[in-house]
Amino acid sequence: MAKYQQQEAILKQRNSYSKTDTDATFMRMKDDHMQNGQLKPAYNVQASTNNQYLTNYTLAQTTADTTTLKDHINNHIENYKQKPETLTADAGYGSEENYTDLEDKEITAYVKYNYFHKEQKDKKKGKSNPFHPDQLYYNQQTDTYYCPMGQAMTYLGSYQKKTKNGFSQELHRYQAQNCDGCPLRSRCHKSKHNRIIERNYNLIRLKSKARKLLLSEQGVAKRKQRCWDVEAVFGNIKHNMNFKRFMLRGIGKVNVEIGLVAMAHNLKKYSLTL
Ligand code: SF4
């Protein structure tokens, strides 16, 4: 029991840790030095850039990027004593929690959400799924959705859900009255009961705000800039500087190591302007 308790204390919220560096978590690598994709002890480096200068970095012990943004921005604010005016990030960061945090901090967020590209592609091709909750007709006055068969989906109630980070989400549920014998049923849903849909109105609002920003002239330019701004920095560090593995162990030392790499990158870049 004592051994398990000790291991759980090291794990905290994680599913794994390395025995040789207990701060490192097992993560799937794209390729190791032998060109095999494998699980390896790793840190998830979060980096911000501005015109290819590395301006902020944090180390995360989780594989998913979604939950790392808040701490990363807080680190920026703590170091620079000011918040960034805008932030551009890819779809891995487009969650309700992140959008809310950026809105609270009054940072203009050019952050994609899942399916942003698919949504735009389908729109161009004129494709749409009439069964998708976003496509159902909604009567705001009666708080009722109407399914493709024209049946009313009435409000069942709402409930709160907590994310891994403890962020509270509110979901509203609606149910169709009777799906028995409906000719569209096989295309509409797989449930044995009458169809239920869930709507998160805060996320719908935040996604609509993000969509507007992403499709604006500035948003298109920001999205293009993201590719050559941050990806080029990773390319330089990994390929040109050949920095692919940390040499030190422990999150404190690894933080110093990535800091030295960041300084080297920035100084090299600066020297090219002299
Ligand atoms: S299966 Fe139910 S919810 Fe779907 S179209 Fe038919 S009646 Fe409407």
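Counting starts at 1 for both ligands and their atoms, in listed order. On a predicted model such as this, the values are computed, not experimentally measured, just so you know. Atom set for the values below is all heavy atoms of this structure, side chains included, hydrogens, waters and symmetry mates excluded.
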Side-chain donor-acceptor contact under 3.5 Å, Glu96 with Asn202: yes
Hydrophobic cluster (4.5 angstrom, side-chain heavy atoms) - remaining members for Tyr146: Tyr137
Polar side chain donor-acceptor pair, Thr25 to Arg14, under 3.5 angstrom: yes
Any donor-acceptor N/O pair, Asn98 side chain to Tyr93 backbone, under 3.5 Å: yes
Ligand-residue contact atoms, ligand 1 with His189, heavy atoms, under 4.0 Å: 1 (S)
Polar protein atoms near atom 8 (Fe) of ligand 1 [N, O or S; cut-off under 2.8 Å]: Cys147 SG
Pair Thr49, Asp229: side-chain N/O donor-acceptor within cut-off below 3.5 Å: yes
Any donor-acceptor N/O pair, Asn44 side chain to Thr62 backbone, under 3.5 Å: yes
